[in-house]
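Take a look at the structure set out below.
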Number of protein chains: 2
Amino acid sequence: MKLYDYSRSSAAYRVRIALNLKGLAYDSIPISLLDSAQLGEDYRALNPTGLVPSLAIDDQGRGEGIITQSLAIIEYLDECYPESPLLPAAPLARARTRALALQVACDIHPLNNLRVLKYLTGELGLGEEQKNSWYHHWLKQGLGPLEQQLSGSDTPFSCGDTPGLADICLVPQLYNARRFELDLTPYPRLTAIEQSCNRLEAFRLAHPDRQPAQHG
Amino acid sequence: MKLYDYSRSSAAYRVRIALNLKGLAYDSIPISLLDSAQLGEDYRALNPTGLVPSLAIDDQGRGEGIITQSLAIIEYLDECYPESPLLPAAPLARARTRALALQVACDIHPLNNLRVLKYLTGELGLGEEQKNSWYHHWLKQGLGPLEQQLSGSDTPFSCGDTPGLADICLVPQLYNARRFELDLTPYPRLTAIEQSCNRLEAFRLAHPDRQPAQHG
């Protein structure tokens, strides 16, 4: 498998964690968002959205092709490699785990990714302060309910004793929150889950700082 | 089942289509976004995110509880009610369908929903013209690649001869695009798929204009 990857893309970070949790080896192909490589012809021929990550599958049993969208990639991995499941078994529990993941993937991350921040400071001519207020606003809107929902339990991970899809989305989001200097003291349950995750090698090896130098 | 619903919420619209495609009866509980009912204490006790929709399940076989996030709800319905599947059977095909759905649910919709538009005109003090440019920008960023990806086939629906998860996300997004007067002529494949969908009663009955009057 080849992962079209960028160290600080939090959607790519999610997929790296999932691949590591499944114990799957992959080649990381860097697509530098800082150089806008994701918008180049070569990459768009693979993934017309020009978004990172994409996973290239070449498996005689399962066909070959490109999978895009981090959550679609992770669901694919969970279906094809059922060991170390990333979702619980029961439908209602699966729905709850997916909902927590989607709260990050739909309600926080899309508002704060690089292309949106560029639009704010470019087309809309906003200053750094307004950009940072925007960033913090959507983070707080999203992390507040997550903290409340997850405070109902004290398991090491979001949905029990093993890491799964919700944790895979949470950890890169908290990494971004720190980069943008959000005060995380109102979220003790989320940071406790983050600590449990970051004790695992699967999470540590996926961290942006641990990616190959050419990721920039 | 009870759907906490709002006629013009496109995430709720998705779930209404899915329930109809599965042939499942439900009670629609209106949560008026225009009155900010989704932010009231009663609704937040059910769904701390204050976002619509939520589905209340009360099924002795499958447990009871609230499911939030439209895609988590739809995956739940597809797992529990496997007739008229909303995803293909093979993992790679499932991944492609999910990716198309996520392109709408993560890359377009979150940038253009009501709370974001309110932030643009409220906190950021933008005018109508800048708000509409923002809206159209993210629509075009998302619909362009979708048109390209889906033009590789001429099946009635996005992923074959039966409607599924990608169509369920596409149709409400095109409804929104029309409301905001985006020119849809560059997207003939998408509007052809929309037409196929809207020939089906499951889609027609889910349309915002067909919801009970108290939805406002």
Identify which part of [X] has an atom lying under 4.5 Å from any heavy atom of chain A, answering side chain, backbone, both or neither.
X        : answer
B/Ile67  : side chain
B/Glu79  : side chain
B/Cys106 : both

Mind listing the closest non-hydrogen atom pair of [X] and [Y] along with its distance?
X       : Y        : answer
A/Gly65 : B/Arg96  : CA-NH2, 3.6 Å
B/Gln69 : A/Leu102 : OE1-CB, 3.5 Å
A/Ala95 : B/Ala72  : O-CB, 3.6 Å

Inset, instruction - Flag the one option from A/Gly142, A/Ala101, A/Pro91 with the top tally of heavy-atom pairs under 4.5 Å to chain B. - result: A/Pro91

Quick check on [X] against chain B: is it the side chain, the backbone, both or neither that has a heavy atom closer than 4.5 Å?
X        : answer
A/His109 : neither
A/Glu64  : backbone
A/Gln148 : side chain
A/Leu120 : side chain
A/Leu92  : both
A/Leu146 : neither
A/Ser133 : both
A/Ile73  : neither

Heavy-atom count around [X] [atom1] within 6.0 Å, excluding the residue itself: above 12?
X        : atom1 : value
A/Asp154 : CG    : no
A/Lys2   : NZ    : no
B/Lys131 : NZ    : yes
A/Asp42  : CG    : no

Inset, instruction - Any chance you could measure B/Glu123, atom CD, to A/His137, atom NE2, to the nearest 0.5 Å? - result: 6.0 Å

Inset, instruction - Would you mind reporting whether B/Arg115 and A/Asp107 have side-chain heavy atoms less than 4.5 Å apart? - result: yes

Inset, instruction - Given salt bridge (Lys or Arg N to Asp or Glu O under 4.0 Å), test A/Glu75 with B/Arg98 step by step and report yes or no. - result: CA-CA 9 Å; A/Glu75 294 263 2; B/Arg98 284 194 179 110; 3.6 Å; yes

Inset, instruction - Return each pair, listed once, that meets side chain to side chain donor-acceptor pair (under 3.5 Å) where at least one residue sits in residues 81-90 of chain A; pairs must be two or more places apart or across chains. - result: A/Arg62-A/Tyr81

Inset, instruction - Mind running side chain to side chain contact (heavy atoms under 4.5 Å, CB included) on B/Thr68 and A/Gln103 for me, showing each step along the way? - result: CA-CA 9 Å; B/Thr68 64; A/Gln103 284 175 227; 4.2 Å; yes

Inset, instruction - Could you label the plane-to-plane angle of the A/Tyr119 and B/Trp134 rings as parallel, tilted or perpendicular, counting under 30° as parallel and over 60° as perpendicular? - result: perpendicular

